[in-house]
Structures are given as C-alpha cells and as structure tokens.
Colleague: 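Here it is: the structure, laid out below.
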Amino acid sequence: MCGRYQFSWEESRMLARIREAVRKAGAQAPRDEVFPSDGAPVLVLREGKVVPAVMGWGFPGMQGGRNVINARAETAEERPMFRDGVAARRCVVPATGFYEWDADKRRYLFRMPARTELYMAALYGVFGGEARYCILTTQANASVAPVHHRMPLVLRAQEVRPWLEDEQTARRLLHETPPELERRETDGQLRLW
DNA sequence: CCAGACGTTGTT
DNA sequence: GTCTGG
DNA sequence: CCAGACGTTGTT
DNA sequence: GTCTGG
C-alpha cells in the first residue's frame, strides 16, 4: 500500500514547477516527505489541461473514523466510497518515489528506474468544502513484492493524461500491472547493531 | 489475534 | 469506527 | 505509513 | 488497544 511518499523538488524539474505553481497560488509548499493528512499537490484535468491543485491526503472515514488514504483498485469501481471518483474525480499524485516497510520495519524507497517522476493514480472528493485525495493501490509487482504485498497504482508518464481524460481508459488502467521500479533501502530508524 | 479496506458530494 | 480474511 | 503517548485512581 | 503528530 502506500502510506508515505517522497516529493523531492530538488530531484525533479517537473516537481519543482508544480511546487512553484501551487506556492504562487497561495498554497503551502509540500514537504519533501508527504504524510497522511498533509496537503500536497495532485494533478487534475481542467479545461483540457493537466494542472496542479493542492488537496489533503485521505478521505474521512465513517463516524469520525480514520483517514482513508488508499483504495483498492480491484474494487474501487464497486465501492460506494470510490465509484463516483472512478467515474468523474480522478487525479494523479506526482512524486519522486514512495515508501514501503517490510515486516521488520525496514523502510524502502521505490522510484522509477530512470529516476523520473513517479505518478500514482488517485481519486479525489470534497468533504465539508475541502478537497481530499485517496491513492489507489494494487497487488505488488515483482519489484515491490519482496517488501510488501501491495503497492500504489503507478502510472507510466504517457498514461497520466489518459487516466485523467478518459473514463474507459481509466477503468482499464485500474487493472494494469505497474511498471517495475528501482528499490533502495533507507534508514527508516536507527538500528543499534 | 492482525492487516487492510471502507462514509460522500466537485466537475472537464 | 466496523467488517472481512487469514 | 510509523512512532510515541496514553491514565489521576474506591483497589486484595 | 486507540489516538495523535509527523
């Protein structure tokens, strides 16, 4: 699944541009490491253009419950919480990578092989006047499986616009296997031996 | 027992 | 918070 | 997602 | 276990 990701504008001109755009629009600049409930840039389609917008990460759960940060791609089309988003409120989360933890709490950063921008398919909704997003997840592919059994629905760069633009294409992409990624272990916490 | 998914209202 | 699957 | 905090007291 | 902050 995906409970944290990296937004490193220093490593990506695209992300630097997105960051600058939202900053100029008056939104707070995203952190390098994005946590659930943070405000962060997502990409949406507006008048035929892919543009950034700042939203909060996670849908409010029922009865004041938890922040719902992920949606299963396999079932999102049927779930009441997500099905309208699949039809009409798709977005893309730009990142430089995402983190996963293994059973021993070792943390790994996953990136695109050429270290280009990593795009995660997501949905958004408006709750109490506040726009929020939820990242789609799918079964881990070969590159992620050694660490965790789920991963975000990573889109190839050329799939970003089709995901936003065309509902039928989006429904197909929900069932695609994401590209293989590069893995790097990071020091998630100090290990005193 | 645990891990993981899941409420509606924003739509290009 | 509840539910399911393991 | 993870890490860290949690309670102020009718009890053998 | 449940919640909060990051």
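Values below: every heavy atom of this structure, side chains too, minus hydrogens, waters and symmetry copies. All of these numbers come straight from a predicted model, not from anything done at the bench. Just so we're on the same page: letters track the sequence lines, and every chain starts at 1.
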Colleague: Evaluate the side-chain proximity of Tyr133(A) to Leu123(A): yes if any heavy-atom separation is below 4.5 Å, no if none is.
Modeller: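 They are not in contact (no side-chain heavy atoms under 4.5 Å apart), so the answer is no.
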Colleague: Can you tell me how far OG1 of Thr96(A) sits from CG of Leu15(A), rounded to the nearest 0.5 angstrom?
Modeller: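 It is 6.0 Å, given to the nearest 0.5 Å.
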Colleague: For DNA chain D, what is the dot-bracket line, given that a base pair needs Watson-Crick (N1 to N3, plus N6-O4 or O6-N4) or G-U wobble (N1-O2 and O6-N3) geometry with both distances under 3.5 Å, and | means paired with another strand?
Modeller: ||||||......
Colleague: Using side-chain heavy atoms (C-beta onward) and a distance below 4.5 Å, is Arg161(A) in contact with Val50(A)?
Modeller: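 Sidechains of Val50(A) and Arg161(A): in contact.
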Colleague: Are Phe127(A) and Phe59(A) an aromatic pair by the rule of ring centers under 6.0 Å?
Modeller: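 Close enough - the centres of the two rings lie under 6.0 Å apart.
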Colleague: For the pair made of CZ in Arg31(A) and P in dC2(D), what is the distance, rounded to whole Å?
Modeller: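 Arg31(A) atom CZ is separated from dC2(D) atom P by 16 Å.
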Colleague: Each nucleotide N or O in nucleotides 9-12 of chain B that has a protein N or O under 3.5 Å away: list the pair and distance.
Modeller:
from	atom 1	to	atom 2	distance (Å)
dT9(B)	O2	Arg89(A)	NH1	3.4
dT9(B)	O4	Asp84(A)	OD2	3.4
dT11(B)	OP2	Arg89(A)	NH1	3.0
dT12(B)	O3'	Leu45(A)	O	2.4
dT12(B)	O3'	Arg46(A)	NH1	3.0

Colleague: Taking the C1' atom in each of dT11(D) and dG7(D), what is the distance between them to the nearest angstrom?
Modeller: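 Their C1' atoms lie roughly 15 Å apart.
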Colleague: Count the heavy atoms of every other residue, nucleotide or ligand shown that sit under 6.0 Å from CD of Gln139(A), and state whether that count exceeds 12.
Modeller: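 No, the 6.0 Å shell around CD holds no more than 12 heavy atoms from other groups.
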Colleague: Only one of Arg171(A), Arg72(A), Arg83(A) forms a salt bridge (charged side-chain N to carboxylate O under 4.0 Å, His left out) with Glu77(A), so which one is it?
Modeller: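 Answer to the salt bridge (charged side-chain N to carboxylate O under 4.0 Å, His left out) test with Glu77(A) among Arg171(A), Arg72(A), Arg83(A): Arg171(A).
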Colleague: Atom CD of Glu74(A) to atom P of dG5(C): distance rounded to whole Å?
Modeller: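 Going from Glu74(A) (CD) to dG5(C) (P), I get 15 Å.
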Colleague: Rounded to the nearest Å, what distance is computed from the OH atom of residue Tyr99(A) to the P atom of nucleotide dG6(E)?
Modeller: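 Spelled out: OH on Tyr99(A) to P on dG6(E) is 18 Å.
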Colleague: Mind checking the P distance from dC3(E) to dC2(B)? Whole angstroms is fine.
Modeller: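 Going atom to atom, P in each nucleotide, I get 15 Å.
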Colleague: Can you tell me the distance, in whole Å, between the CD atom of Glu77(A) and the P atom of dC6(B)?
Modeller: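 Going from CD in Glu77(A) over to P in dC6(B) covers 12 Å.
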Colleague: Flag yes if more than 12 heavy atoms outside Glu20(A) fall under 6.0 Å of its CD atom; otherwise flag no.
Modeller: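 Counting other residues, nucleotides and ligands, CD of Glu20(A) exceeds 12 neighbours.
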Colleague: Answer yes or no: is there a side-chain heavy-atom contact under 4.5 Å between Tyr119(A) and Val154(A)?
Modeller: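 Sidechains of Val154(A) and Tyr119(A): no contact.
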Colleague: May I have the distance from Phe110(A) (atom CZ) to dC1(D) (atom P), rounded to whole angstrom?
Modeller: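 Nearest whole value for this atom pair: 15 Å.
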Colleague: Does the side chain to side chain contact (heavy atoms under 4.5 Å, CB included) test come out yes or no for Glu185(A) and Arg106(A), once each step is laid out?
Modeller: CA-CA 7 Å; Glu185(A) 185 168 355; Arg106(A) 281 183 297 242; 3.0 Å; yes
Colleague: Would you mind reading off the distance between Trp101(A) atom CH2 and dC2(B) atom C1', rounded to a whole angstrom?
Modeller: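 Distance, rounded to whole Å: 19 Å.
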Colleague: Below 4.0 angstrom, N of the basic side chain to O of the carboxylate: do Glu74(A) and Arg150(A) qualify?
Modeller: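 Yes, charged N to carboxylate O under 4.0 Å.
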Colleague: Each nucleotide N or O in nucleotides 3-5 of chain B that has a protein N or O under 3.5 Å away: list the pair and distance.
Modeller:
from	atom 1	to	atom 2	distance (Å)
dG4(B)	OP1	His148(A)	NE2	3.4
dG4(B)	OP1	His149(A)	NE2	3.0

Colleague: Please report the distance, rounded to the nearest Å, between CZ in Arg106(A) and P in dC1(D).
Modeller: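 To the nearest whole Å, that distance equals 18 Å.
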Colleague: For the ring pair Trp57(A) and Tyr5(A), is the centre-to-centre distance below 6.0 Å?
Modeller: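 Ring-ring flag for Trp57(A)/Tyr5(A): true, centres closer than 6.0 Å.
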Colleague: Nearest whole Å is fine: how far is dG1(C) C1' from Asn67(A) CG?
Modeller: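 Roughly 14 Å, once rounded to whole Å.
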